[in-house]
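Working notes, beginning with the structure itself.
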Number of protein chains: 2
Amino acid sequence: MSDQAVINKRLSGLDEILDKSAQLMAHLGYHGTSMRDLAQVTGRSLSGLYHYFSNKEELLFLINQRGFTSLLDMSNRLLIDDLRPEQRLSKLISNHVTYFIDHLSEMRIMTSGTMEMNEQRSQILWKLKQEYTQLAQNIVGEYMRSQTDVDYPDDVISRKTYLLYGMMNWIFGWYSATDHGTAQEVADDIFHTFTKGCCAEENRKKSL
Amino acid sequence: MSDQAVINKRLSGLDEILDKSAQLMAHLGYHGTSMRDLAQVTGRSLSGLYHYFSNKEELLFLINQRGFTSLLDMSNRLLIDDLRPEQRLSKLISNHVTYFIDHLSEMRIMTSGTMEMNEQRSQILWKLKQEYTQLAQNIVGEYMRSQTDVDYPDDVISRKTYLLYGMMNWIFGWYSATDHGTAQEVADDIFHTFTKGCCAEENRKKSL
DNA sequence: AAATTATCCGAACGATCGTTCGTTAATTTA
DNA sequence: TAAATTAACGAACGATCGTTCGGATAATTT
């Protein structure tokens with residue numbers, strides 16, 4: 001077996017653990033979920049878990065790192081395509097909302113905020129978040145400039161971006177697939193509300 | 001000392017405990033905060049805390065109940081005044097944002113979502129949340145109707161309201177008094193973004 | 001077939017958890 | 001002032017916590 005295959009095998013086992021752990025931790029919280037709970041839900045023994053990570057804190061770090069990395073990779077691809085600012089913002093929102101709804105548990109953990117962690121690890125996560133935030137602010141800023149020909153100060157753009165991410169990150173507080181439509185429908189709603197206000201979409205339909 | 005004074009004294013002691021406990025729990029999480037931590041931060045002994053509540057879960061309940069009740073009382077007063085739908089929405093947002101920023105720790109706990117709790121207690125909290133949500137949806141729905149003369153279905157209004165509360169409830173993820181202005185400035189930004197889109201406020205300034 | 005490595009486990013460690021108990025100081029009431 | 005109630009405490013309980021250790025089994029390589 002090649003080195004890569006060994007790594008894949010290993011990551012496959014780890015990925016399963018990260019998924020199921022995130023699901024339980026999203027419900028009970030990090031401190032509220034014991035290693036024995038995680039052993040049971042992953043179908044392994046308590047001590048067997050420590051083959052995949054050295055302690056509980058590292059497990060939390062791995063869930064966060066995996067999530068932010070893949071979210072960042074997806075969004076970075078938006079910059080490669082030659083899109084108009086409006087389309088780019090629309091795709092950024094679709095990406096985030098779709099990923100969010102497909103990975104509700106992990107996103108719940110990733111957005112649960114300050115957690116005491118190893119200095120080096122928290123810095124790695126901080127940089128990932130920072131990079132993602134900067135990317136989003138650039139796209140929002142370019143959109144606003146394209147709409148108004150105004151050069152907004154950074155703090156205005158920054159705050160607007162936080163409002164946008166508030167709409168998206170609050171999804172875990174209410175979203176249910178059966179009641180609130182597909183991820184794309186939610187993303188469209190957020191895009192229209194953010195760009196034109198809460199009555200925009202309906203006005204458009206009405207004027208057709 | 002009168003009965004009321006006794007009750008005040010008692011509530012004063014409890015209120016102090018709820019405040020300091022919320023502050024610590026907002027940082028470390030419910031399960032991450034031990035009763036010994038709470039005893040230290042409130043300047044009391046471990047066993048002395050149990051004079052004010054019967055167990056840790058009840059402490060969490062009391063923090064939530066106190067917060068939602070006072071938030072609901074504030075917002076209910078909006079319905080008494082004779083306001084236009086636009087003003088009423090604006091005041092709802094100001095109320096929520098101001099309360100949120102003045103009580104960041106408690107709001108962090110109140111918005112941290114599903115927590116395993118006594119059936120009766122969780123039902124009391126659920127009803128408070130439900131009442132507050134219904135009040136907000138009514139105000140948002142009336143505003144949208146006043147702007148467009150369209151009768152929106154309930155699920156549309158419901159989703160728009162969730163987006164609005166997403167912008168507001170995400171505040172704890174980024175807000176700092178020194179960097180992001182007063183609560184009123186944030187509230188105005190959210191009101192303009194929600195009603196007219198992200199470029200509304202600046203367009204208005206530009207057109208003066 | 002032997003050697004090596006990757007997985008996995010039962011049992012136990014010290015530490016910390018939420019809670020209870022009996023008792024004492026402080027304050028209010030009668 | 002005496003009685004009654006409120007407020008607070010130290011010490012200890014059993015339970016559960018994260019983690020470790022030595023050894024077993026399974027998988028892969030030599």
Side-chain angles (χ1 to χ4, degrees), chain A residues 1-22 24-25 27-64 109 112 115-118 121-122, chain B residues 1-22 24-25 27-64 109 112 115-118 121-122:
Chain A
M1 189 186 265
S2 71
D3 284 350
Q4 189 55 45
V6 169
I7 291 175
N8 280 344
K9 179 97 182 291
R10 201 185 292 173
L11 282 181
S12 164
L14 179 58
D15 267 338
E16 184 204 357
I17 292 177
L18 295 185
D19 285 341
K20 294 181 175 174
S21 298
L24 199 58
M25 282 187 176
H27 188 57
L28 302 175
Y30 171 69
H31 289 292
T33 309
S34 71
M35 292 296 295
R36 286 162 181 85
D37 292 335
L38 298 178
Q40 189 182 13
V41 83
T42 57
R44 286 169 167 83
S45 74
L46 174 59
S47 51
L49 284 178
Y50 285 86
H51 183 256
Y52 293 91
F53 43 85
S54 57
N55 50 45
K56 195 183 176 187
E57 181 198 294
E58 186 177 73
L59 169 64
L60 180 65
F61 168 77
L62 290 175
I63 292 173
N64 276 273
I109 293 174
S112 71
M115 187 69 65
E116 65 276 25
M117 207 181 275
N118 177 349
R121 284 177 185 153
S122 64
Chain B
M1 193 184 264
S2 70
D3 284 348
Q4 189 56 44
V6 170
I7 290 175
N8 280 342
K9 179 97 182 287
R10 200 186 293 169
L11 283 180
S12 163
L14 179 58
D15 268 339
E16 183 203 356
I17 292 176
L18 295 186
D19 285 341
K20 293 181 175 172
S21 297
L24 198 58
M25 282 186 176
H27 187 59
L28 301 175
Y30 171 71
H31 284 113
T33 309
S34 71
M35 291 296 294
R36 287 162 180 83
D37 292 334
L38 298 177
Q40 190 182 14
V41 83
T42 58
R44 285 169 169 82
S45 74
L46 174 58
S47 51
L49 284 177
Y50 284 86
H51 177 67
Y52 293 91
F53 42 87
S54 59
N55 51 45
K56 194 183 176 187
E57 182 199 293
E58 187 177 72
L59 170 63
L60 180 65
F61 169 77
L62 290 174
I63 292 173
N64 275 272
I109 293 174
S112 71
M115 187 69 64
E116 64 277 24
M117 207 182 275
N118 177 349
R121 284 175 185 154
S122 64

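Below, chain A is the first sequence line, B the second, and so on; all start at residue 1. None of these values were measured; they are calculated from a predicted model.
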With a 4.0 Å cut-off on heavy atoms, is Leu49(A) in touch with a base, just the backbone sugar-phosphate, or nothing at all? nothing

How close or far is atom P of dC9(D) from atom CG of Leu38(B), stated in whole angstroms? 14 Å

Nearest-Å distance for atom pair CE/C1', residues Met35(B) and dC13(D): 16 Å

Interatomic distance where CG belongs to Leu28(A) and C1' belongs to dC17(D) [whole Å]: 15 Å

Rounded off to whole Å, could you give me the CD-to-C1' distance for the Glu16(A) and dT7(C) pair? 13 Å

On the nucleotide dA8(D), are OP1 or OP2 found under 4.0 Å from the side-chain N or O atoms that Tyr50(B) carries? no

The nucleotide from dC8(C), dT19(D), dA12(D) with an atom nearest the side chain of Tyr52(A) is dC8(C)

Indicate, with a heavy-atom threshold strictly under 4.0 Å, whether Thr33(B) touches base, sugar-phosphate, or nothing. sugar-phosphate

Of all the heavy-atom pairs spanning Ile63(B) and Ser21(B), show the shortest one and how long it is. CD1-CB, 4.3 Å

Where the side chain of Arg44(A) is concerned, which of dC8(C), dT19(C), dA12(C) is the nearest nucleotide? dC8(C)

Could you state the CD-P distance from Gln40(A) to dG18(D), rounded to the nearest angstrom? 14 Å

Is His51(B) near enough to dA7(D) that one of its side-chain N or O atoms lies under 4.0 angstrom from OP1 or OP2? yes

Roughly how many Å is it from CG in Leu46(A) to P in dT7(C), rounded to a whole number? 18 Å

Assign each of Ser54(A) and Arg36(B) to its nearest nucleotide of DNA chain D by heavy atoms, then name whichever residue's nucleotide is nearer the 5' end. Arg36(B)

Output yes when at least one side-chain N/O atom of Ser34(A) is less than 4.0 Å from OP1 or OP2 of dC17(D), else no. yes

Nearest whole Å is fine: how far is dC17(D) P from Lys56(A) NZ? 9 Å

Is the shortest heavy-atom distance from the side chain of Lys20(B) to the side chain of Glu16(B) under 4.5 Å? yes

Heavy-atom distance under 4.5 Å between the side chains of Glu57(A) and Leu60(A), does that happen here? no

With heavy-atom distances below 4.5 Å as the criterion, would you say the side chains of Thr33(A) and His31(B) are in contact? no

Shortest side-chain distance from Ser47(A), nucleotide among dT19(C), dT20(D), dC21(C): dT20(D)

For atom OH of Tyr30(B) and atom P of dG18(C), their distance in whole Å: 8 Å

Taking Lys56(B) for its side chain and Tyr30(B) for its backbone only, find out whether a donor-acceptor pair lies under 3.5 Å. yes

